Protein chains: 2
Amino acid sequence: MIETHLAKLRARDTISVEEERVIRDSLGEVRSLPTQHTCIRAGERLHSSTLLLEGLMCRYKDLPGGDRQITELHVAGDFLDLHSFSLKQLDHNVMTLTPCRVVLVPHAKLKDITEQHPHLARVYWFLTALDAAIHREWELSLGRRSAIQRIAHLICELRVRLGLIGQADDDGFGLPLTQADLSDCTGLTPVHVNRTLRDLRERGLMDFRGRRVTITDLPGLQAIAEFDDSYLYLRREDR
Amino acid sequence: MIETHLAKLRARDTISVEEERVIRDSLGEVRSLPTQHTCIRAGERLHSSTLLLEGLMCRYKDLPGGDRQITELHVAGDFLDLHSFSLKQLDHNVMTLTPCRVVLVPHAKLKDITEQHPHLARVYWFLTALDAAIHREWELSLGRRSAIQRIAHLICELRVRLGLIGQADDDGFGLPLTQADLSDCTGLTPVHVNRTLRDLRERGLMDFRGRRVTITDLPGLQAIAEFDDSYLYLRREDR
DNA sequence: CGGACAGTTGACCTATTTCAAATGTGGTGG
DNA sequence: CCACCACATTTGAAATAGGTCAACTGTCCG
């Protein structure tokens, strides 16, 4: 059930059999969620964190005028709100972008981990630091990259993150997002996303159609995005 | 020496006398740094985290073309790189924007804290989650707010954060940044920052001259920024 | 007094947005 | 199997927020 989660952790550190058992013991209720469903709202008091088992979800913030910014995408194996353990409530919403399956991890169990399994606690602390690193890279995209770079960069990021859990290879991957979702990730309008996707296709770099990204020139795509995966911390370390 | 740091923590949780002693015992070398000095570079292996005692610093990422994005500003009492404890190396640089004084906290001491003082460890985990919340708010600014909103929002954020450590009130605060620094925070050009500051002045909202922000209409400034401080987690909680 | 920056302004430019309409496309009910 | 509906995608034309380039003006400090 949590193989994708373990794959994500084990790409970055050593998780012992004992720790794996502790993780499995922390799991609570499993839920299935429909698509386009906001399952956590900013300001709600939370008592458990949510681990994504299957599907695609996002964190987003809305503006009074109706504009939306997605601040991070989540794939299987990600904690959507591990930070709610420290924060107690979130400053953003979390919603599904596809039908999803999730499992709840009570904050009480996480607290036990901080008291009895300090190494595992450090690994989980690392996961929240990794989310922050992704936020920083998105700040760079939103602040300083052009439209074509923003989209190319996002696709490069997703290729690596999905690759870790065996859901992407060099040729492409399934990506059940609309162009409007993509515009909310990149701070662009849906119309401009459409034109930019055509540009990427005409340049022979990638094609995004029918909920699938086909990468036709990976080095070229990475070059235009100026993509460097070091912000994803893919090396194994002793935390 | 670390009063600003304790003020920041105690605005969010209860720190016992014992925990205060643990924090004081974790402090290592104190350093004075000149202005415009990059003291941590992306990719460097780090063995201690740095607590800012005095001055203004920033985290930033550079692009090959020379563009720069500041991802967060830091005031006295902030850890610049508490996350380097989990990450081991950073994905961004850290530099001074004024002359600064900092104190180093060895990662070995932080590791001891995770093993012997789980509550304090959770408080520090919270601090890194707070940095991530600030990153998310900046993503929203960079992705969806107009130039005038981005600058107004940044000023509102700094007023609150500096206020917590007694360095700002409703009338304004010292802010030793250049307009170019401001442009690197907001993803704008220095020229447009200059015009936008004039706009804010002519609207009677705020005036930024001579390294000082004078707020002439705080409610108006907050209104145009659509500022809501909940992402700064100012309520005290039991973490 | 001079030099290095920081700030200011004007004229022009362009990437992206806005608005509006047309064209797929997938699912549902008859 | 078809008609229809709700959406997602695509395209064109016009508008604009913010960028670029270049020059000029403080201002601080040695």
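Note that the structure is predicted; figures quoted are calculated from it, not measured. Below, chain A is the first sequence line, B the second, and so on; all start at residue 1.
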Within the structure, does a side-chain N or O atom of B/N194 lie under 4.0 Å from either OP1 or OP2 of C/dG7? no
Plane angle bin for A/H92 and A/H83 - parallel if under 30°, tilted between 30 and 60°, otherwise perpendicular: parallel
Give the rounded distance in Å between these two atoms: CG of B/L97 and C1' of C/dA6. 15 Å
Any salt bridge between A/R203 and A/D199, counting N to O under 4.0 Å? yes
Grab the CZ-P distance between A/R145 and D/dG19 for me, whole Å please. 17 Å
Point-to-point distance, once rounded to the nearest 0.5 Å, from CG of A/D78 to CZ of A/R59: 8.5 Å
I need the CG-P distance between B/L197 and D/dG18, as an integer number of Å. 13 Å
Any side-chain N or O of B/R198 below 4.0 angstrom from OP1/OP2 of C/dG7? no
Whole Å only: how far is the CG atom of B/D199 from the P atom of C/dT9? 13 Å
To the nearest Å, how far apart are B/H192 NE2 and D/dC21 P? 17 Å
Look at the side chain of A/L188 and decide which nucleotide, out of D/dG18, D/dT20, C/dT17, has an atom nearest to it. C/dT17
Consider the side chain of A/T178, meaning its heavy atoms from C-beta on, and name the nucleotide among D/dT9, C/dT16, C/dC19 that approaches it most closely. D/dT9
Within the structure, does a side-chain N or O atom of B/Q179 lie under 4.0 Å from either OP1 or OP2 of C/dT8? yes
May I ask you to say what B/T196 touches in the nucleic acid, namely base, sugar-phosphate or nothing, with a heavy-atom cut-off under 4.0 Å? nothing
Taking side chain to side chain contact (heavy atoms under 4.5 Å, CB included) as the criterion, tell me which of B/V105, B/T50, B/L51 meets it with B/D81. B/T50
Is there, by distance only and without an angle test, a donor paired with an acceptor across the side chain of B/R195 and the base of D/dT20 below 3.5 Å? yes
Would you check if the distance from the ring center of B/H74 to the ring center of B/F79 is below 6.0 Å? no
When all nucleic acid strands are considered with a 4.0 Å heavy-atom cut-off, which category describes B/G187: base, sugar-phosphate, or nothing? sugar-phosphate
Just N and O in the side chain of B/R209: are any of them under 4.0 Å from OP1 or OP2 of D/dT27? no
